Novice: 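Here it is, the structure in full.
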2 protein chains.
Amino acid sequence: MLKISKKADYALMALQHIATVQSGDVTPGRVVNTKEIAEEYNIPLELLAKVLQTLAKNALIESHNGPKGGYLLARRAHQITIAQILESIEGPLGITDCSHEKDGEFCMQRENCHIRTPLLKVQDSIAQLLNNMTLQDMMGGTPLITILSPTAQGVER
Amino acid sequence: MLKISKKADYALMALQHIATVQSGDVTPGRVVNTKEIAEEYNIPLELLAKVLQTLAKNALIESHNGPKGGYLLARRAHQITIAQILESIEGPLGITDCSHEKDGEFCMQRENCHIRTPLLKVQDSIAQLLNNMTLQDMMGGTPLITILSPTAQGVER
DNA sequence: TAGTCTCCGATCAATAAGGTCGGAGTAAGA
DNA sequence: TCTTACTCCGACCTTATTGATCGGAGACTA
């Protein structure tokens, strides 16, 4: 449950790879193409292409066409949050259907629903978690614990 | 994204209702049947029945057959965590496929995957959040803010 | 003991995800 | 300048998961 889709998974891998290559000391600033990523991680080529396409459309990466073309990060790694990546692929995050209802469209259970408020709180917690974590934190040996606490430390009861 | 299923949604509503009725001062300890819940929240009767069935099988509620029958909480409300409820319906929680791989079965990307560890950290945070929240916290005017803080503190609008 | 109300398991339909195909644009190299 | 080959791009099909439904078996009350 609460599973993220494979496409989102692929997006994270690809961006992590691009970010690493780009900041690497071997060939910094190098453009990386779809095929390279697909082969490195055993991802279906055409599916990955679609994912990168979406990321480009959402201005997370820049696409360069033609021979020697490929993708490049649109912003610095520490300016791209995990939440932004996931939302680019899967749409706005919301653990329940009634999370982002427009005015006028309510779920059938709305009037008597007592769990809406608590669930929205949970959702906010998760959102904050993902918003405070950036692509930078996924690179190298960055200690994740510094990002996730105090949330991960244990919730006071 | 990260959406919980409707069945899980229904499960939460139903349990919240049963818990409230059971601890209510009108008819405390009353048995509540499927039809009553379905009508109260506009949930498809047969689908809800299936959900309650699953909850009973996982020993979260007790089923009483025959006329005047229905369901009863198997434990006290504060002893039932949200995580237990969700896992009963949707299976073990895991935001990525490789969360609970048995020995020998790995995903194709495993060997070069650099995002596994960070994602597992995120997952742990969410799990802890849901494990520290009980059915009791969803009842009445219980101030959720005491449960979710400090995480939820800044998100208040 | 009869009747009715309940829970229970197997089955079908709808939706969303996963994966695939051919086309258009662009820059490098001759 | 022109050709060529490599890239990204958009629409389509297939598969899997979820949502919803039906009929039957068991159990308690009167």
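Residue numbers begin at 1 in each chain, while the letters A, B, ... track the order of the sequences. All of these numbers come straight from a predicted model, not from anything done at the bench.
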Novice: So which one's nearest nucleotide on DNA chain C is more toward 5', A:Leu45 or B:Ala56?
Specialist: B:Ala56
Novice: Indicate yes or no: at least one non-hydrogen side-chain atom of A:Glu36 is less than 4.5 angstrom from one of A:Asn33.
Specialist: yes
Novice: Without decimals, in angstroms, what is the distance between A:Gln53 CD and D:dA11 P?
Specialist: 10 Å
Novice: Hydrophobic cluster membership, with links at side-chain heavy-atom distances under 4.5 Å among I/L/V/M/F/W/Y: are B:Leu135 and A:Leu120 in one?
Specialist: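 B:Leu135 does not cluster with A:Leu120.
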Novice: NE2 of B:His64 versus C1' of C:dC8: gap in Å, rounded?
Specialist: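 Value for this atom pair: 16 Å.
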Novice: Rounded to whole Å, please give me the gap between CG in A:Leu55 and P in D:dC9.
Specialist: 11 Å
Novice: Could you state the NZ-P distance from B:Lys57 to C:dC8, rounded to the nearest angstrom?
Specialist: 9 Å
Novice: For the side chain of A:Lys50 and the base of C:dG19, is some donor closer than 3.5 Å to an acceptor across the two?
Specialist: yes
Novice: Of A:Asp137, A:Leu129, A:Leu130, A:Asn131, which meets side-chain contact (heavy atoms from CB on, under 4.5 Å) against A:Met133?
Specialist: A:Asp137
Novice: When you check the side-chain N and O atoms of A:Gln84 and A:Ser88, is any donor under 3.5 Å from an acceptor?
Specialist: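 A:Gln84 vs A:Ser88: no donor-acceptor pair found between side chains.
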Novice: Should the heavy atoms of other residues, nucleotides or ligands under 6.0 Å from CZ of A:Arg76 be counted, would the total exceed 12?
Specialist: no
Novice: Take the protein atom CD1 of B:Ile4 and the nucleotide atom P of D:dG19, then report the distance between them rounded to whole Å.
Specialist: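 For the pair B:Ile4 CD1 and D:dG19 P, the rounded distance is 10 Å.
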Novice: Tell me, do A:Leu86 and A:Leu12 make a side-chain contact under 4.5 Å, heavy atoms counted?
Specialist: yes
Novice: Could you go through nucleotides 22-30 of chain D and list every protein N or O atom that sits under 3.5 Å from one of its N or O atoms, giving the distance for each pair?
Specialist:
| unit_1 | atom_1 | unit_2 | atom_2 | d |
| --- | --- | --- | --- | --- |
| D:dC22 | N4 | B:Glu46 | OE1 | 3.3 |

Novice: Distance check needed: C:dG18 P versus A:Lys6 NZ, whole Å only.
Specialist: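 That distance rounds to 7 Å.
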Novice: Hey, is the side chain of A:Thr34 poking within less than 4.0 Å of OP1 or OP2 on D:dC8, counting only N and O atoms?
Specialist: yes
Novice: D:dT18 phosphate, OP1 or OP2: any side-chain N/O from B:Tyr10 under 4.0 angstrom?
Specialist: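 B:Tyr10 to D:dT18 OP1/OP2: no side-chain N or O under 4.0 Å.
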Novice: For B:Leu47 and D:dT18, what is the distance between atoms CG and P respectively, to the nearest whole Å?
Specialist: 13 Å
Novice: Is the phosphate of C:dA16 approached by A:Ser5 (side-chain N or O, under 4.0 Å from OP1 or OP2)?
Specialist: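 No, outside the criterion.
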Novice: Using whole Å, what does the distance between atom P of nucleotide D:dC6 and atom CG of A:Asn33 come to?
Specialist: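 About 11 Å, once rounded to whole Å.
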Novice: If I compare all heavy atoms of A:Ile4 with all of A:Glu90, which pair ends up nearest, and what's the gap?
Specialist: C-OE2, 3.6 Å
